[in-house]
Asker: 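Sharing a structure here in structure tokens format.
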Amino acid sequence: SSPFLALWQGAKATLPPIITGAYNYKQQQRGGNENGNMEEKEEPVALLYNVIFVRVPTIVAGFVYIKNELTGHPFTIDVGYGPFDVNPVIVLGLLGWILR
């Protein structure tokens, strides 16, 4: 079939679900079979796009955030009332929500 489908199947088989987003429970909820296969129902190009442009940058941002937090450089924002540090629970929760 499609070369994109073959690329997606290879990525799904070799990369962990945190990177691909191919969790079996999610795919079964959306109508996949017992193995979580959704290739027949979803566009592999969109799934690869999600990996390359959403999931990988989010994971990298998470690692950079953790590194900065551990070295004493917290995430600081200013919304007009003066700068303040964002609570790490909020940042990590947001990253987890994006990667769910």
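As the structure is a prediction and not an experimental result, all values here were calculated from the model. Both backbone and side-chain heavy atoms feed into the values below; hydrogens, waters and symmetry mates do not.
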Asker: Rounded to the nearest 0.5 Å, how far does CG of L48 lie from CD of E43?
Answerer: 9.5 Å
Asker: What closest approach, in Å, do P74 and E69 show between heavy atoms, and which atom pair accounts for it?
Answerer: CA-OE1, 3.5 Å
Asker: If you take all heavy atoms of T20 and A11, which pair is closest and at what distance?
Answerer: CG2-O, 3.7 Å
Asker: Using side-chain heavy atoms (C-beta onward) and a distance below 4.5 Å, is I66 in contact with L92?
Answerer: yes
Asker: Quick check on the hydrophobic clustering: are Y65 and I90 connected, directly or via other members, by side-chain heavy-atom contacts under 4.5 Å?
Answerer: yes
Asker: Decide yes or no for R55 and N50: does some side-chain heavy atom of the first lie under 4.5 Å from some side-chain heavy atom of the second?
Answerer: yes
Asker: Looking at every heavy atom in both I19 and V51, which two are closest together, and how far apart are they?
Answerer: O-CG2, 3.7 Å
Asker: When I59 is tested against each of V54, L99, I98 for side chain to side chain contact (heavy atoms under 4.5 Å, CB included), which residue passes?
Answerer: L99
Asker: Membership question, hydrophobic clusters at under 4.5 Å side-chain separation (ILVMFWY): are I52 and L7 in the same one?
Answerer: no
Asker: Does V60 belong to the same Ile/Leu/Val/Met/Phe/Trp/Tyr cluster as I18, with side-chain heavy atoms less than 4.5 Å apart forming each link?
Answerer: yes
Asker: Are V56 and L94 joined in one hydrophobic group, where the rule is that I, L, V, M, F, W and Y side chains link up if heavy atoms are under 4.5 Å apart?
Answerer: no
Asker: When clusters are formed by joining ILVMFWY residues with side-chain heavy atoms under 4.5 Å apart, either directly or through shared neighbours, do F75 and L70 land in the same one?
Answerer: yes
Asker: Give me the atom names and distance for the closest heavy-atom approach of T76 to P83.
Answerer: CG2-CB, 3.8 Å
Asker: Looking at side-chain heavy atoms only, is the closest gap between W8 and V45 below 4.5 Å?
Answerer: no
Asker: Is there a side-chain contact (heavy atoms from CB on, under 4.5 Å) between I77 and F84? Walk through the geometry before answering.
Answerer: CA-CA 6 Å; I77 62 173; F84 64 94; 3.6 Å; yes
